[in-house]
J.: 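I'd like to ask some things about the structure below.
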Amino acid sequence: MKNVIFLAPPLAGKGTFSEYLIKEYGYQHYSTGDLLREKAKRDEKLQNLLLSGSLVDDETILKIVKEVLQKRESSKPFILDGVPRTLHQAKNLDIILNDLGCNDFVVIQIKTEKDILVDRVVGRRICPNCHRSYNVLLEGFKPKNEHICDACGSTLIQRKDDNLESFEVRYQAYLESTVPIISYYEEKGILRTISNNESNQERAFEELRGVISGH
Ligand code: AMP
């Protein structure tokens with residue numbers, strides 16, 4: 001199974017698709033957002049930066065990614081969720097992956113219309129324990145109990161950056177810094193695209209299975 005890199009705007013479903021690949025195929029999952037939120041518990045400056053929606057500097061990101069990849073279990077494929085987000089990160093990630101001998105990967109772009117992303121922002125809830133995500137405002141994505149994770153019973157939380165102001169900053173960062181990476185991977189011939197606009201996620205999972213099994 002190939003390693004996977006997800007490229008997507010905020011709220012497009014990177015976390016949900018990752019969860020699916022972990023369950024179905026046993027992928028290891030590295031989310032730079034999760035790793036940064038953990039680090040931010042001890043770093044107020046980082047906490048404020050994440051809250052604003054701005055990107056964290058490339059060197060910090062590359063250091064974190066290199067560390068986790070060095071410690072990975074080499075027998076299992078992995079997902080990079082949230083990285084790269086800039087062309088500089090993408091080029092340096094190539095070097096890291098090459099040095100670690102794990103450059104067999106597919107880049108999956110998740111396309112979602114902006115108005116659908118906006119609809120998802122305010123209602124998103126996350127499980128701080130198993131990272132499963134829900135939406136308390138959208139049918140089909142609600143947890144059984146508004147505050148409790150169906151999967152592990154932990155109390156759900158709302159991410160502090162899940163508000164419209166921060167979303168707009170994150171979305172602009174995606175357009176300005178991350179979209180240019182798409183053609184970088186397209187030229188390498190390793191880019192695949194799936195869409196996640198529908199409320200029925202089974203269709204999107206089917207597309208994802210197609211991409212994964214085609215490699
Ligand atoms: P996410 O959980 O992927 O939505 O990421 C949450 C926040 O973490 C982003 O809004 C950025 O502030 C920061 N972040 C995560 N990954 C990266 C990255 N690769 N480069 C820069 N900032 C990042």
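Counting starts at 1 for both ligands and their atoms, following the listed order.
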J.: With atoms numbered from 1 as shown, which atoms in ligand 1 lie under 4.0 angstrom from a non-hydrogen atom of V83?
T.: 19 (N)
J.: Before signing off on this row, confirm whether R159 and ligand 1 have an N or O atom pair separated by under 3.5 Å.
T.: yes
J.: Near L50, which atoms of ligand 1 are under 4.0 Å from a heavy atom of that residue?
T.: 7 (C), 8 (O), 12 (O), 13 (C)
J.: Do any heavy atoms of P84 fall under 4.0 Å from ligand 1?
T.: no
J.: Can you confirm whether more than 12 heavy atoms, excluding those of K142, are under 6.0 Å from its NZ atom?
T.: yes
J.: Please check whether T32 reaches ligand 1 - meaning an N/O of the residue sits under 3.5 Å from an N/O of the ligand, judged on distance alone.
T.: yes
J.: Check this for me, if you would: do D94 and K91 make a salt bridge, where the nitrogen-to-carboxylate-oxygen distance has to be below 4.0 angstrom?
T.: no
J.: Relative to the heavy atoms of R37, which atoms of ligand 1 are at a distance of less than 4.0 Å?
T.: 2 (O), 6 (C)
J.: Measure the CG-OH distance between L208 and Y25 for me, rounded to the nearest 0.5 Å.
T.: 7.0 Å
J.: Return the NZ to OH distance between K144 and Y134, rounded to the nearest 0.5 Å.
T.: 8.0 Å
J.: Determine, considering heavy atoms only, which of R170, R85, K14 sits nearest to atom 5 (O) of ligand 1.
T.: R85
J.: Using a 4.0 Å heavy-atom threshold (strictly under), name the region of I61 that reaches ligand 1: side chain, backbone, both or neither.
T.: side chain
J.: For atom 22 (N) of ligand 1, what is the closest protein heavy atom, and at what distance to 0.1 Å?
T.: V56 N, 3.0 Å
J.: May I ask which of A173, S166, S54, S177 has a heavy atom nearer to atom 12 (O) of ligand 1 than the others do?
T.: S54
J.: Using a strict 4.0 Å threshold on nitrogen-to-oxygen distance, state whether K63 and E67 make a salt bridge.
T.: yes
J.: Nearest 0.5 Å, what's the CG-CG distance between N129 and L156?
T.: 10.5 Å
J.: If you have a sec, work out which protein heavy atom is nearest atom 20 (N) of ligand 1 and how many Å separate them, to one decimal?
T.: Q89 NE2, 3.0 Å
J.: In Å and rounded to the nearest 0.5 Å, what is the CD1 to CG distance from I212 to L21?
T.: 5.0 Å
J.: Would you call the rings of F167 and Y171 parallel, tilted or perpendicular if under 30° counts as parallel and over 60° as perpendicular?
T.: parallel
J.: Would you say G82 and ligand 1 have an N/O pair spaced under 3.5 Å apart?
T.: yes
J.: Starting from atom 13 (C) of ligand 1, what is the nearest protein heavy atom, named by residue and atom, and what distance separates them?
T.: L36 CD1, 3.5 Å
J.: Fit a plane to each ring of F205 and Y20, take the angle between them on a 0 to 90° scale, and name the class: parallel (under 30°), tilted (30 to 60°) or perpendicular (over 60°).
T.: parallel
